[in-house]
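Have a look at the structure below, then the notes.
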Amino acid sequence: MFSRIVRPTATLARSLSTSSQNNAKVAVLGAAGGIGQPLSLLLKNSPLVSELSLYDIAHTPGVAADLSHIETRAHVTGYIGADQLGAALKGCEVVVIPAGVPRKPGMTRDDLFNTNATIVATLADACARHCPQAMICIISNPVNSTIPITSEVMKKHGVYNPNRVFGVTTLDIVRANTFVAELKGLDPARVNVPVVGGHAGKTIIPLISQCTPKVEFPADQLSALTGRIQEAGTEVVKAKAGAGSATLSMAYAGARFTFSLLDAMNGKEGVVECAFVRSEETECKYFSTPLLLGKNGIEKNLGLGKLSAFEEKLVAEAMDELKGSIKKGEDFVSNMK
């Protein structure tokens, strides 16, 4: 039995400095955006990536030219516009999708739905046609709806594999690790807080009781910490005062998840990351829990583990919102022309 507390492949420093190599072709769809550019930079800097395929509706050739001057092995190609999307995806083993509009002050993730749902459905359709076996990593919000959208589109093409479609929730874990470390005076690189549920507001459920190393907080501090983790995205949106949402930390988190996935595909054992995926662990069709990753994506869902009474209550309170967001995504695809 794998330990639930296996440290994720985790810190980017390790992933960037590792001497292991493979020949993975990775695509970033939305590569010229606020998340896409720093994410592409981090991927270019990794020995795990041999080919980097960058796609967006504008500016990608410039981003690709800029990155191509960096003295690392990944060969970078930029693709622009709908007619080049198929070429961008051909032969890709991992596709990371940060495409879409960012959140602005006063907007909820659901406010992003109409624009981003169409974008994600279009890109998922292209993945189904051009790289049906690829691992698909969705960053585009609202993840609680864009993962059901991706899944339903892949189903329409008869190529859906639930072990290969991931909603990237890693930023919630990165934030939880950072905030816990700050409060306890710990090295954040050595803290691991599983975060389960979804990727918006109260559906984000940090399992502080399962943190390694073990930490404890009084009830009021635990409640405040949980609230901060749940609303950390809004904290950044407000601080940027209309200039965008979390881009740099999201790029870091997206890269961390991608590196973990590539490590696992490369044969590394014991790689665990949380992600929002098709799940039988709760009454929700999709749910984020720690996952053991392997060569073919999800090798084993490690489930929720033992929850505290406080965490059980958070899970119960998240269910209705999660189910609604999932249904919204599924309905969007079923109503598509």
Side-chain angles (χ1 to χ4, degrees), residues 34-35 98 100-113 115-116 138-147 167-184 186 188 191-211 215 217-254 256-257 274-276 284 286-289 304 307-308 310-326 328:
I35 296 167
V101 297
R103 206 149 58 104
K104 294 184 172 62
M107 284 176 81
T108 65
R109 286 178 179 83
D110 267 351
D111 292 333
L112 304 178
F113 180 85
T115 300
N116 287 359
I138 305 287
I139 290 171
S140 310
N141 272 317
V143 166
N144 294 355
S145 298
T146 55
I147 284 298
V168 180
T169 62
T170 315
L171 183 51
D172 300 325
I173 292 91
V174 166
R175 286 167 166 160
N177 294 347
T178 301
F179 300 164
V180 167
E182 283 173 356
L183 290 170
K184 292 297 185 183
L186 299 167
V191 176
N192 183 31
V193 180
V195 181
V196 303
H199 186 55
K202 70 180 183 182
T203 71
I204 298 168
I205 303 161
L207 303 183
I208 309 289
S209 72
Q210 294 180 25
C211 176
V215 294
F217 296 97
D220 57 341
Q221 196 176 18
L222 178 62
S223 180
L225 172 60
T226 299
R228 187 184 176 202
I229 293 164
Q230 291 175 332
E231 295 303 323
T234 303
E235 191 178 305
V236 176
V237 169
K238 285 180 179 172
K240 288 194 173 182
S245 56
T247 52
L248 301 173
S249 53
M250 185 63 247
Y252 169 92
R256 173 181 140 170
F257 184 82
C274 297
F276 188 67
C284 274
Y286 298 86
F287 206 82
S288 180
T289 44
L304 286 165
L307 304 180
S308 68
F310 175 68
E311 290 159 357
E312 283 179 353
K313 185 167 178 280
L314 292 176
V315 169
E317 289 172 351
M319 284 298 166
D320 284 349
E321 183 178 325
L322 258 181
K323 286 178 183 172
S325 298
I326 291 163
K328 191 172 182 179

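No hydrogens, no waters, no symmetry mates; every other heavy atom, side chains included, goes into these values.
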To check you understand the geometry: which heavy-atom pair defines the closest contact between [X] and [Y], and what is its length?
| X | Y | result |
| --- | --- | --- |
| Ile205 | Ala318 | CD1-CB, 3.9 Å |
| Pro194 | Cys274 | CA-SG, 4.1 Å |
| Ser140 | Pro98 | OG-C, 3.6 Å |
| Val237 | Ser245 | CG2-CB, 3.7 Å |
| Gln230 | Ile204 | NE2-O, 2.9 Å |

Can you tell me how far [atom2] of [Y] sits from [atom1] of [X], rounded to the nearest 0.5 angstrom?
| X | Y | atom1 | atom2 | result |
| --- | --- | --- | --- | --- |
| Asp172 | Ser288 | CG | OG | 8.0 Å |
| Phe217 | Thr226 | CZ | OG1 | 9.0 Å |
| Glu321 | Thr203 | CD | OG1 | 5.5 Å |
| Leu183 | Arg228 | CG | CZ | 8.0 Å |
| Arg175 | Glu231 | CZ | CD | 10.0 Å |
| Leu314 | Ser223 | CG | OG | 8.5 Å |

Practice prompt. Let me know which of Asn144, Leu322, Val315 forms a side-chain contact (heavy atoms from CB on, under 4.5 Å) with Cys284.
Written response: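 Exactly one option meets the side-chain contact (heavy atoms from CB on, under 4.5 Å) with Cys284, and it is Leu322.
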Worksheet entry | Thr178, Asn192, Val193, Val191 screened by side-chain contact (heavy atoms from CB on, under 4.5 Å) with Ile173, the one that passes |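 Looking at Thr178, Asn192, Val193, Val191, the match for Ile173 under the side-chain contact (heavy atoms from CB on, under 4.5 Å) is Asn192.
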Practice prompt. Test Leu307 against Gln210 for side-chain contact (heavy atoms from CB on, under 4.5 Å), laying out the working first.
Written response: CA-CA 8 Å; Leu307 304 180; Gln210 294 180 25; 3.9 Å; yes
Discussion item. Would Val101 and Asn116 count as a side-chain contact (heavy atoms from CB on, under 4.5 Å) here? Give the steps.
Written reply: CA-CA 7 Å; Val101 297; Asn116 287 359; 3.5 Å; yes
Worksheet item: Hey, mind stepping through Phe276 and Thr146 against side-chain contact (heavy atoms from CB on, under 4.5 Å) and telling me if it holds?
Response: CA-CA 10 Å; Phe276 188 67; Thr146 55; over 6 Å; no
Discussion item. A quick test of your reading: do over 12 heavy atoms of other residues, nucleotides or ligands sit less than 6.0 Å from NZ of Lys313?
Written reply: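 No.
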Item to complete: With side-chain contact (heavy atoms from CB on, under 4.5 Å) as the test, would you mind laying out the steps for Val180 and Ile208 before giving the verdict?
Response: CA-CA 9 Å; Val180 167; Ile208 309 289; 4.0 Å; yes
